[in-house]
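See below for the structure under consideration.
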Amino acid sequence: MSKTLHHRACHLCEAICGLTIATQTEADGSTQILSIKGDAEDSFSRGHICPKAVALQDIQNDPDRLRQPMRRVGSEWQAIEWEEAFELVANRLADIQARHGQNAVATYHGNPSVHNYGLMTHSNYFLGLLKTRSRFSATSVDQLPHHLVSLQMYGHGFLLPICDIDHSDFMLILGGNPLASNGSIMTVPDVEKRLKAIQARGGKLVVVDPRRSETAAIADQHVFVRPGQDAALLFGLLNTLFEEGLTRSSHLPIAGLDAARQAIAGFTAEAMSARCGVPAESIRQLARDFAAADKAVCYGRMGVSTQAFGTLCHWLIQLINLVTGNLDREGGALCTEAAIDLTTSSSGTHFDRWRSRVSGLPEYSGEFPVAALAEEMLTPGEGQIRALVTVAGNPVLSTPNGRQLERALDGLEFMLSIDFYINETTRYADLILPPTGPLEHDHYDTTFNSFAVRNVARFNEPVLAKPAGALHDWEILVGLAKAFAAKLEVELKPTMAPAQMIDMGLRMGRYGDKSEHQLSLAKLQELPHGIDLGALKPNLAERLRTPDKKVQAAPALLLNDLPRFAAQPVPGAGELLLIGRRHVRSNNSWMHNYHRLVKGKPRHQLLMHPDDLAARDLTDGQRVRISSRVGMIEVEVAQSTDMMPGVVSLPHGWGHDRSGVQLAIAGALPGASVNDLTDERALDAVSGNAALNGLPVEVVAA
Ligand SMILES: Nc1nc2c(c(=O)[nH]1)N[C@H]1C(S)=C(S)[C@@H](COP(=O)(O)OP(=O)(O)OC[C@H]3O[C@@H](n4cnc5c(=O)[nH]c(N)nc54)[C@H](O)[C@@H]3O)O[C@H]1N2
Ligand SMILES: Nc1nc2c(c(=O)[nH]1)N[C@H]1C(S)=C(S)[C@@H](COP(=O)(O)OP(=O)(O)OC[C@H]3O[C@@H](n4cnc5c(=O)[nH]c(N)nc54)[C@H](O)[C@@H]3O)O[C@H]1N2
Ligand code: SF4
Ligand SMILES: [Mo]
């Protein structure tokens, strides 16, 4: 019997907290996890941890987690061998592409792909061979507007200015709830302490949200905004800054600032007030407060990304930081200098080079908006999607109009899923290939080190041995690539393990062989608590990738969207609008079968203001029927004075009864999927990102 302590960063959300995991190996060689705790020696996360990390052991031990390839025969799942599975995929996909063309095979990457470096390094090794334009991912139900705005303004989709939260003295958050999400496009472990530190040094936190969220509850000021109308508020703020002379010069080279100023001049605080539901004087005062702070940062997340004017919102947020001199400035918004720099990659460099077949939606970085996935499967004609490969995702629960997508999946000729669960989506697959569990492989965070509020790096060794016969995600992709290349009789270039690629990336990067840090895989292996490479610094002027090497303040794409904004009617008073929410014990559509996380009261009720309940003769706790243009679901309603009147809130990722996913806790409600209500036609017209928030709904007694 021997006990070992392992140090590792949690990969489950963007905060990448350091963990200390104790294991015990028995005489028979089997290893048990004894405990999972925060790693106090990780200088970035400082011992912070949330309940999801402790549930890593439930992922590991869950008897329902798939451990070998499963083939569906009718409604039965049968275990098959890896080689047979790879052959089957190669044969089916090659046949479908031969008959219907390359674009007939689609791919969908879900959120855990970006939390698993083997999927980052090797997805294209296989999927690239498919040469299909039918590529989709969770990006377009999430952060697509951020990337598009960075591409337009700074010349690269990954040049994302990050809040310098530790040095700011005024933080304005729109549509983000880091106390529940632990931060997003802002890798910020221990976020509550960092927000409270702003207040402790005399600064201010202001939250704009149609719900008094957990983050709004600790803020100095909470502003209720009408869902989907943040652009109006932001126009009012920006105009006030210009009109009242509250701007400050920037060291950045800028093109088009006057054009931007003129284009938005009509959208004054007074003109915008009725749209966003915020009094004009409050908008003006907020602009003055923001400008008065020496170091201020405006930040927007899911609530403003997944709405009808998501791209406009993110453009305006960038402009507010820019004109107050807070862009690329300490305490404002700064681009992280990651050890492996995504801003030198070719991904994130193009937009609208081609369009989707049915609705003509633009590609971004080679992907179409996922709202178009079902229609591309259901609409006959040349190029119709006949097969799908999903990787670490659950689009039936996570993309708009999930019921329609289910009908589409049911009609496919072939579907492959790389996932370790049978979920609401993968149950339609003909074949599921399960990778090793997260603690059974090594990891280097290529994604979130790049969006972190400090420059950090960390390599994670596996905690547990790889079981006999198991394959890592990247090995599955290599297996598939080999079988498919053999079938097509094309030559496959050699590859290497992800860790070797990271070694090369680290050594060639800014902290590598040519720097004082000498970062390499070997060096990081000696630093089990990770390495801090310093605070964020101004660097945008040198990193701009626009043709004229200037910040583009007035991209034509954005100016062209202003008439759509101006033409949108002022929301009606009686309208009920649906928004989403997250909870710290839940993770998108999975981890709902672990008792540790789901125990206690159900947390997936519809939150509604008492006045809205009364107006519909409804009572707290009653079952209600929610309907939208596309569907209808039934849930329990919970009265909440935290809701803005006229707004209701429901979390996504529930509705497990349709797949029979067993909830560990007896009596726990499976919940219903909010994406049975969200509308695949409700889009941010510029990017094609789904407008999940601000959905008109009706609520009646069930
Ligand atoms: N209405 C509404 N809809 C939303 C949102 C919202 O706020 N409101 N949020 C959107 C956002 S931001 C996102 S990111 C999406 C998420 O949506 P998706 O990415 O489609 O779904 P997830 O729930 O993250 O899917 C997780 C799946 O990945 C599998 N998985 C986990 N780890 C691994 C791994 O290491 N390898 C492999 N191969 N599989 C793994 C799990 O078993 C699970 O089946 O949902 C979006 N949908
Ligand atoms: N515990 C937990 N953590 C997670 C996840 C999870 O599922 N669970 N998911 C991870 C993922 S994939 C992501 S992308 C991030 C997301 O991270 P965040 O964006 O911080 O997460 P949300 O909780 O969705 O916050 C969105 C907020 O926007 C508000 N909102 C909705 N509509 C509007 C609107 O029109 N205007 C404004 N101003 N606000 C609006 C909502 O009330 C909510 O408080 O979280 C990540 N972290
Ligand atoms: S906040 Fe929780 S889930 Fe996110 S990285 Fe930290 S421990 Fe993991
Ligand atoms: Mo996300």
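Values in this document were obtained by computation on a predicted structure and should not be read as measured data. Whatever order the structure lists ligands and atoms in, that order sets their numbers, starting from 1. Side-chain atoms are counted along with the backbone in the values below, which use heavy atoms only and exclude waters and symmetry mates.
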With a 4.0 Å cut-off on N to O distance, would you call [X] and [Y] a salt bridge?
X	Y	value
Glu680	Arg629	yes
Arg301	Asp209	no
Glu406	Arg427	yes

With a cut-off of 4.0 Å, which atoms of ligand 1 are near a heavy atom of [X]?
X	result
Tyr108	18 (P), 19 (O), 20 (O)
Asn423	43 (C), 44 (O)
Gly110	19 (O)
Val674	1 (N)
Tyr421	42 (O)

Do we see a donor-acceptor contact under 3.5 Å between the side chains of [X] and [Y]?
X	Y	value
His472	Thr436	yes
His314	Ser305	yes
Asn587	Arg582	no
Tyr299	Asn321	no
Arg581	Ser649	yes
Ser687	Asp684	yes
Asn394	Tyr421	no
His592	Ser586	yes
Gln307	Asp230	yes
Asn116	Asp473	yes
Ser365	His147	no
Ser417	Thr390	yes

When you compare ligand 2 with [X], is there at least one nitrogen or oxygen pair between them that comes in under 3.5 angstrom?
X	value
Ser586	yes
Ala180	yes
Ser181	yes
Arg211	no
Asn182	no
Gln229	no
Asp230	yes
Tyr299	no
Met302	yes
Ile579	no

Please work out whether the ring planes of Trp590 and Phe420 are parallel, tilted or perpendicular, with thresholds of 30° and 60°. tilted

Is it true that [X] lies under 4.0 Å from ligand 2, counting heavy atoms only?
X	answer
Lys52	yes
Asp142	yes
Gly694	no
Gly228	yes

With side chains defined as the heavy atoms from C-beta onward, is the minimum distance between [X] and [Y] less than 4.5 Å?
X	Y	value
Leu576	Asp612	yes
Phe126	Val478	no
Pro178	Ile173	yes
Arg8	Glu461	no

Can you tell me which residue and heavy atom of the protein come closest to [atom], and the distance to 0.1 Å?
atom	result
atom 24 (O) of ligand 1	Pro112 CD, 3.4 Å
atom 29 (C) of ligand 1	Asp419 OD2, 3.2 Å
atom 46 (C) of ligand 1	Ser398 O, 3.4 Å
atom 22 (P) of ligand 1	Ser589 OG, 3.7 Å
atom 1 (N) of ligand 1	Asn675 OD1, 2.9 Å
atom 44 (O) of ligand 2	Asp209 OD2, 2.6 Å
atom 25 (O) of ligand 2	Asn177 N, 3.5 Å
atom 38 (N) of ligand 1	Asp473 OD1, 2.8 Å
atom 26 (C) of ligand 1	Trp590 CD1, 3.4 Å
atom 40 (C) of ligand 2	Pro210 CD, 3.3 Å
atom 10 (C) of ligand 1	Val141 O, 3.3 Å

Ligand 2 versus Asn587: contacting region, heavy-atom distance under 4.0 Å: both

Tell me which part of Asn111 gets within contact of ligand 2: side chain, backbone, both or neither, using heavy atoms under 4.0 Å.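 Under 4.0 Å from ligand 2, Asn111 contributes side-chain atoms alone.
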
My understanding is that only one of Asp64, Leu66, Asp58 makes a side chain to side chain contact (heavy atoms under 4.5 Å, CB included) with Asp62; could you say which? Asp64

Is Arg275 positioned over the aromatic face of Phe565, cation under 6.0 angstrom from the ring centre and no more than 45 degrees off axis?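 Yes, Arg275 and Phe565 form such a contact.
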
Regarding [atom]: of the candidates [options], which has the closest heavy atom?
atom	options	result
atom 34 (C) of ligand 2	Gly303, Ala138, Ser649, Gly183	Gly303
atom 2 (C) of ligand 1	His11, His652, His441	His652
atom 7 (O) of ligand 1	Arg301, Arg582, Arg65	Arg582
atom 27 (C) of ligand 2	Ala231, Gly175, Cys313, Gly300	Gly175

Atoms of ligand 2 close to Val584 [distance to a heavy atom under 4.0 angstrom, numbered from 1]: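 So the answer, numbered in order with elements, is 1 (N).
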
What are the atoms of ligand 2, with element, lying closer than 4.0 Å to any heavy atom of Val225?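 Near Val225, the atoms of ligand 2 are 36 (N), 37 (C), 38 (N).
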
Hey, is Pro435 one of the residues with a heavy atom under 4.0 angstrom from ligand 1? yes

Could you tell me whether Asn116 and ligand 1 have an N or O pair separated by under 3.5 Å?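 Indeed, backbone or side chain, Asn116 has an N or O that close.
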
